[in-house]
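Here's the structure we're looking at; comments come further down.
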Protein chains: 2
Amino acid sequence: MADTPRRITLNDIAHACGVSRATVSLVLRSSPLVHADTRERVEAEMRRQGYVYNRAAANLRQRVSTAVALVVNDLANPFFAEFAAGVDEALGAKGYVTLLGSSGESAQRQRQVLGSLMEHNPAGVILSPAEGSAFADLETVIGRHTPLLVFNREVAGSASKGFLYDFIGLDNRAGARAATELLLAQGHRRIAFYGGHADSSSCRQRRAGYREAMAAAGLEVPDAWMIETAPTRLEGNARAGLLFADGATPTAAVCYNDAVALGLMLGLVREGRQPGVDFAVTGFDDIPEAAVGVPPLTTISTDPRERGRQAAAMVVERAAHPGMARRNSVVPALLTQRASTYGKAKARR
Amino acid sequence: MADTPRRITLNDIAHACGVSRATVSLVLRSSPLVHADTRERVEAEMRRQGYVYNRAAANLRQRVSTAVALVVNDLANPFFAEFAAGVDEALGAKGYVTLLGSSGESAQRQRQVLGSLMEHNPAGVILSPAEGSAFADLETVIGRHTPLLVFNREVAGSASKGFLYDFIGLDNRAGARAATELLLAQGHRRIAFYGGHADSSSCRQRRAGYREAMAAAGLEVPDAWMIETAPTRLEGNARAGLLFADGATPTAAVCYNDAVALGLMLGLVREGRQPGVDFAVTGFDDIPEAAVGVPPLTTISTDPRERGRQAAAMVVERAAHPGMARRNSVVPALLTQRASTYGKAKARR
DNA sequence: CTGAAAGCGCTTACAG
DNA sequence: CTGAAAGCGCTTACAG
């Protein structure tokens with residue numbers, strides 16, 4: 001403890017056993033070439049000395065990598081936390097290790113983080129892009145030799161010819177359309193779209209799905225029903241009053257995501273409405289809290305943990321087969337109906 | 001794209017510039033030894049060829065590491081997600097990269113994950129131990145050359161002589177005592193301790209703090225007031241009825257954590273009580289949801305993100321100074337008073 | 001079945 | 001100010 005003792009290496013083991021380090025290397029990789037007795041002796045010596053394999057050195061020699069970089073906007077957001085958990089789980093099962101980074105929604109920070117991770121020579125990159133990140137940046141920092149998987153949001157600009165990346169996204173438009181159609185089927189007519197930053201690609205797509213459903217039902221959407229908020233519970237709560245500022249007050253809201261919806265439900269109580277009884281709310285994501293809200297929240301399930309597993313599988317496969325055709329996976333988002341929506345027949349006011 | 005082009009190396013740059021690779025290396029490390037013109041030429045060539053530094057190779061040569069392993073129970077738990085975000089943020093700022101792993105509360109999985117991460121030769125390990133993990137395991141897999149920082153929970157058994165590790169924990173006992181004392185000061189006398197697994201170290205400590213405060217006030221605690229649940233919102237909700245099964249029903253509950261407390265508040269409504277009006281509730285952790293609950297939850301703030309930053313700083317410092325004395329940091333847990341607790345004078349029944 | 005030698009991409013004394 | 005050489009801990013043909 002006084003001074004750091006040198007780490008045990010292959011050489012130490014080989015020396016102690018009186019064999020060459022090539023032999024020890026073969027034992028490590030369980031080659032059938034080495035005699036059972038020799039193997040036994042070498043393995044015993046490794047245990048005795050507490051040898052630990054230096055995979056970085058092996059990877060350098062073999063020109064391979066067993067790490068994958070994962071960059072998300074914000075780990076503290078349950079959606080990304082679930083996604084990261086899924087990525088890590090699936091990568092671990094395949095013998096890869098996860099290099100974590102987070103951008104905090106800043107394109108500049110994302111560049112730095114990616115740059116730092118790239119120096120560790122990952123076999124691939126899984127990126128949930130910060131708002132405002134553009135291909136021009138990504139290409140220079142990631143280069144053309146490392147497979148990139150983009151998750152959840154589209155990247156601004158267009159990739160230059162020859163820069164290929166895979167994509168996993170949610171069917172935001174279809175999800176929001178399904179939520180809106182449920183409310184329409186339940187008899188609601190004055191339906192708002194509540195929350196999200198209008199300039200994010202996911203919010204644009206969800207709004208488009210909502211508008212589609214409204215248009216198909218022949219309904220107009222006053223501007224006052226399109227309410228922008230930060231995509232957080234706090235903001236969803238704070239701006240609830242905006243729904244009732246005007247004359248034509250809605251009886252239902254399709255929310256940008258669950259965080260906003262859960263915040264809104266609290267805000268509704270403050271405004272004298274009872275969610276699930278005289279005001280209907282839908283969310284998006286199906287985070288764990290959605291099922292235990294008061295009332296439980298009707299939402300669109302996107303299963304972020306499963307998306308994480310899928311992303312990990314895709315990037316590992318791509319690393320093994322660089323020539324494979326580009327994949328663009330838009331995952332259907334499923335409606336999960338709970339008590340926060342109700343038929344207007346039940347309405348008490 | 002058809003076949004993977006070789007990665008650009010120092011050699012390529014040196015060759016193209018007609019200098020030795022030692023010179024290029026010096027440029028990389030911004031040594032003042034190299035002539036400004038040469039530096040310029042080399043840097044231009046790097047940009048031109050899209051060179052990316054191979055830090056793994058450099059680390060191997062220098063016998064250093066710029067990675068830290070982080071193993072948590074469950075990333076999807078907001079408490080650990082915040083912690084991980086703090087760790088990653090602070091490590092990134094110091095030029096380290098985070099190697100992520102999760103144990104899913106299984107000691108066996110934890111062993112595997114740690115083993116795999118150790119092969120990447122981290123400069124240190126930050127571990128929030130799975131329940132049931134013991135020193136015997138940790139020592140063999142982590143070895144004595146890599147600094148270990150244990151967070152949040154104590155590890156079973158005792159470390160063998162010479163195996164040193166740092167510790168950051170929360171002052172569970174003082175936190176629970178403070179919560180109980182607040183309720184006492186507000187005039188409550190029949191106070192239950194609600195939730196948690198009695199055999200986890202954090203629950204034991206919190207219960208001890210609660211008992212201390214009750215004893216100091218000369219109050220008895222019937223067994224029926226010590227209620228065990230899984231530490232989740234769902235269970236906190238489901239078992240609310242147990243508080244009112246007996247004759248001497250409490251008017252307040254100190255809860256094991258926020259998840260349980262938020263669940264309990266919903267359950268109270270079902271039982272015909274109004275949290276913050278005729279029943280007082282306290283939590284532990286101050287997760288983001290606590291502040292926006294109905295009513296907002298009085299709780300003990302532990303600031304997991306700041307704990308993460310602190311853990312990162314400590315492990316990096318330890319890696320630089322192996323001889324430093326062992327650190328055992330028990331973080332004061334601060335009472336944050338909100339509307340879920342109230343003076344009995346205000347009570348309506 | 002085992003050993004000697006070269007090399008992965010970098011850095012570091014040591015000469016010049 | 002720059003170059004030649006050795007070495008980090010491993011693997012991989014190639015001989016024997």
Side-chain angles (χ1 to χ4, degrees), chain A residues 4-43 45-46 49-67 118-123 143 145-146, chain B residues 4-43 45-46 49-67 118-123 143 145-146:
Chain A
T4 333
R6 209 172 42 73
R7 239 178 104 141
I8 308 300
T9 78
L10 266 194
N11 256 327
D12 299 314
I13 305 297
H15 220 117
C17 294
V19 300
S20 83
R21 57 189 208 280
T23 305
V24 179
S25 177
L26 291 174
V27 169
L28 274 176
R29 329 189 55 237
S30 7
S31 155
L33 291 178
V34 40
H35 194 286
D37 295 353
T38 316
R39 164 184 311 287
E40 196 100 334
R41 249 172 53 228
V42 169
E43 283 175 343
E45 189 61 23
M46 285 177 169
Q49 298 206 29
Y51 171 74
V52 6
Y53 187 59
N54 186 334
R55 192 174 295 278
N59 285 349
L60 175 61
R61 175 59 232 260
Q62 292 178 111
R63 317 172 112 252
V64 299
S65 166
T66 54
M118 287 308 295
E119 294 187 347
H120 288 83
N121 187 31
H145 304 349
T146 309
Chain B
T4 333
R6 209 171 42 74
R7 239 177 103 139
I8 309 299
T9 79
L10 267 195
N11 255 328
D12 299 315
I13 305 298
H15 220 119
C17 295
V19 301
S20 81
R21 55 190 209 281
T23 304
V24 180
S25 178
L26 291 175
V27 169
L28 274 176
R29 327 188 56 237
S30 7
S31 155
L33 291 179
V34 41
H35 194 286
D37 293 354
T38 317
R39 164 185 312 286
E40 195 100 333
R41 250 171 54 227
V42 169
E43 283 174 344
E45 188 61 23
M46 286 178 169
Q49 297 206 29
Y51 170 73
V52 6
Y53 187 60
N54 186 335
R55 192 173 294 278
N59 285 349
L60 175 60
R61 175 59 230 261
Q62 293 179 109
R63 315 170 113 256
V64 299
S65 167
T66 54
M118 287 309 294
E119 293 187 348
H120 287 82
N121 188 31
H145 304 348
T146 310

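Order of the sequence lines fixes the chain letters, A, B, ..., with proteins taken first and strands second; residue numbering starts at 1 for each chain. The model shown is predicted, which means the values in this text are computed figures rather than measured ones.
- The two residues A:Ser65 and A:Ala123 make their nearest non-hydrogen contact at OG-N, 3.1 Å.
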So what's the dot-bracket for DNA chain C: Watson-Crick or G-U pairs under 3.5 Å, [ ] if a pair crosses, | if it pairs off-strand? |||.||||||||.|||
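- Every residue was checked against the side-chain hydrogen bond (donor to acceptor under 3.5 Å, both in side chains) condition with A:Glu43, not counting sequence neighbours, and none meets it.
- The salt bridge (Lys or Arg N to Asp or Glu O under 4.0 Å) analysis of residues 19-38 of chain A, with sequence neighbours excluded, yields no pairs.
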Sequence neighbours left out, cut at 3.5 Å: what donor-acceptor pairs do the side chains of residues 53-60 of chain A make with other protein atoms?
{"unit_1": "A:Asn54", "atom_1": "OD1", "unit_2": "A:Ala56", "atom_2": "N", "d": "3.1"}
{"unit_1": "A:Asn54", "atom_1": "OD1", "unit_2": "A:Ala57", "atom_2": "N", "d": "3.1"}
{"unit_1": "A:Arg55", "atom_1": "NE", "unit_2": "B:Glu119", "atom_2": "OE1", "d": "2.7"}
{"unit_1": "A:Arg55", "atom_1": "NH2", "unit_2": "B:Glu119", "atom_2": "OE1", "d": "2.4"}
{"unit_1": "A:Asn59", "atom_1": "ND2", "unit_2": "A:Thr66", "atom_2": "OG1", "d": "3.1"}

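- Residue A:His35 contributes atom NE2, which lies 7 Å from atom P of C:dT2 at whole-angstrom precision.
- Proximity of A:Tyr51 to A:Val24: side-chain heavy atoms (C-beta onward) are nowhere separated by under 4.5 Å.
- Not counting sequence neighbours, B:Glu40 has no partner by the side-chain hydrogen bond (donor to acceptor under 3.5 Å, both in side chains) test.
- Rounding to the nearest 0.5 angstrom, the gap separating the NE2 atom in A:His15 from the OG1 atom in A:Thr9 is 10.5 Å.
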Pick out the pairs of N or O atoms, protein on one side and nucleotides 9-13 of chain C on the other, that lie under 3.5 Å.
{"unit_1": "C:dG9", "atom_1": "OP1", "unit_2": "A:Arg63", "atom_2": "NH2", "d": "2.5"}
{"unit_1": "C:dG9", "atom_1": "N2", "unit_2": "B:Ala57", "atom_2": "O", "d": "3.2"}
{"unit_1": "C:dC10", "atom_1": "OP1", "unit_2": "B:Tyr51", "atom_2": "OH", "d": "2.6"}
{"unit_1": "C:dC10", "atom_1": "OP1", "unit_2": "B:Asn54", "atom_2": "N", "d": "3.2"}
{"unit_1": "C:dC10", "atom_1": "OP2", "unit_2": "B:Leu10", "atom_2": "N", "d": "2.6"}
{"unit_1": "C:dC10", "atom_1": "N4", "unit_2": "B:Arg21", "atom_2": "NH2", "d": "2.4"}
{"unit_1": "C:dT11", "atom_1": "OP1", "unit_2": "B:Tyr53", "atom_2": "OH", "d": "2.5"}
{"unit_1": "C:dT11", "atom_1": "OP2", "unit_2": "B:Ser25", "atom_2": "OG", "d": "2.5"}
{"unit_1": "C:dT11", "atom_1": "O2", "unit_2": "B:Arg61", "atom_2": "NH1", "d": "2.2"}
{"unit_1": "C:dT12", "atom_1": "OP1", "unit_2": "B:Gln62", "atom_2": "OE1", "d": "3.2"}
{"unit_1": "C:dT12", "atom_1": "OP2", "unit_2": "B:Arg29", "atom_2": "NH1", "d": "2.7"}

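- A:Ile8 contributes atom CD1, which lies 11.5 Å from atom CE of A:Met46 (distance to the nearest 0.5 angstrom).
- Between D:dC1 and B:Thr23, no contact under 4.0 Å exists linking OP1 or OP2 to a side-chain N or O.
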